[in-house]
Amino acid sequence: QVRLTESGGDSVQAGGSLRLSCAASGYDHIFNCMGWFRDAPGKEREEIATLYFDDEKTYYGDSVKGRFTISRGNAENTVNLQLDKLKPEDTATYYCASDQRPHHGACASLALSRPHWFNTWGQGTQVTVSS
């Protein structure tokens with residue numbers, strides 16, 4: 001069974017940067033779609049970004065375009081999320097999730113419309129941005 005472990009959450013001031021990592025382990029089946037999401041108090045779960053491994057295509061939510069970057073990590077089956085130009089409204093618990101999808105469009109669509117269908121979720125890492 002796949003296990004996902006997020007790390008890198010911290011408290012920073014507005015305008016600062018963080019790098020979150022999601023490491024997959026214990027997997028016995030293939031996954032090729034990785035997504036990052038966040039939960040903030042009083043708000044619905046928000047899709048942040050997806051990365052489709054087969055063609056490295058990415059998708060970003062409107063609120064983070066131009067500020068966040070999803071990428072493969074140096075370690076095998078690690079995906080990073082670089083958070084730049086952080087704002088107080090970015091304060092949330094950030095989660096990574098994995099699934100197997102036929103193409104990058106399906107990966108992004110899953111994150112947008114049915115994130116709860118992702119097979120595996122990590123435990124989350126807290127990001128707090130102060131003004």
Review point. Could you go step by step and tell me if I70 and T50 meet the side chain to side chain contact (heavy atoms under 4.5 Å, CB included) rule?
Key: CA-CA 7 Å; I70 189 171; T50 60; 5.5 Å; no
In a table with atom names and distances, give each donor-acceptor pair under 3.5 Å that connects a side chain of residues 105-116 to protein atoms at least two apart or in another chain.
unit_1, atom_1, unit_2, atom_2, d
S113, OG, S109, O, 2.7

**Study point:** Nearest atoms (heavy-atom pairs only) where L4 meets A24
**Key:** CD2-CB, 3.6 Å
Point to revise | Worked verdict on S21 versus E6 for side-chain hydrogen bond (donor to acceptor under 3.5 Å, both in side chains) | key: CA-CA 5 Å; S21 291; E6 302 96 336; over 6 Å; no
Study note, to complete from the structure: Rounded to the nearest 0.5 Å, the CG atom of D90 sits from the OG1 atom of T128 at a distance of 11.0 Å
Revision key, fill the gap. Rounded to the nearest 0.5 angstrom, the OG1-CG distance for T69 and D84 is 6.5 Å
**Study point:** No-hydrogen, no-angle side-chain donor-acceptor test under 3.5 Å, Q13 and S130
**Key:** no
Check your understanding: Can you check whether L18 reaches L86 side chain to side chain, under 4.5 Å on heavy atoms?
Key -> yes
Practice item. Look at the rings of Y94 and F68 and say which category their plane angle falls in: under 30° parallel, 30 to 60° tilted, over 60° perpendicular. Key: tilted
**Study point:** Within-4.5 Å side-chain heavy-atom neighbours: V2 and F31
**Key:** yes
Practice item. Can you establish whether the number of heavy atoms outside E56 located under 6.0 Å from its atom CD is more than 12? Key: yes
Review point. Hey, are S63 and E46 close enough side-chain-wise for a donor-acceptor pair under 3.5 Å?
Key: yes
Review point. So, Y52 versus Y59, ring centres under 6.0 angstrom or not?
Key: no
Review point. Which distance, rounded to the nearest 0.5 Å, do you find between the CG of D54 and the NE2 of H104?
Key: 11.5 Å
Review point. When rounded to the nearest 0.5 angstrom, what distance separates CZ in R38 from SG in C96?
Key: 15.5 Å
Point to revise | W36 side chain reached by L81 side chain, heavy atoms, under 4.5 Å | key: yes
Review point. Y95 vs W121 aromatic rings, parallel, tilted or perpendicular, using cut-offs 30° and 60°?
Key: perpendicular
**Study point:** Salt-bridge criterion met for R45 and D39 (N-O under 4.0 Å)
**Key:** yes
Practice item. Indicate whether the side chain of Q82 and that of N80 have a donor and an acceptor atom separated by less than 3.5 Å. Key: no
**Study point:** Set of residues satisfying side chain to side chain contact (heavy atoms under 4.5 Å, CB included) with respect to K65, sequence neighbours excluded
**Key:** Y60, D62
Review point. Would a 4.5 Å heavy-atom cut-off, applied to side chains only, mark R72 and M34 as touching?
Key: no
Study note, to complete from the structure: Between A92 and Q126, the two heavy atoms sitting closest are O-NE2, 3.4 Å
Point to revise | Nearest-0.5 Å distance that lies between atom CZ in R19 and atom OG in S7 | key: 11.0 Å
Exercise for review: Decide yes or no on side chain to side chain contact (heavy atoms under 4.5 Å, CB included) for L20 and L83, but give the supporting numbers first.
Suggested key: CA-CA 8 Å; L20 307 184; L83 288 62; 3.8 Å; yes
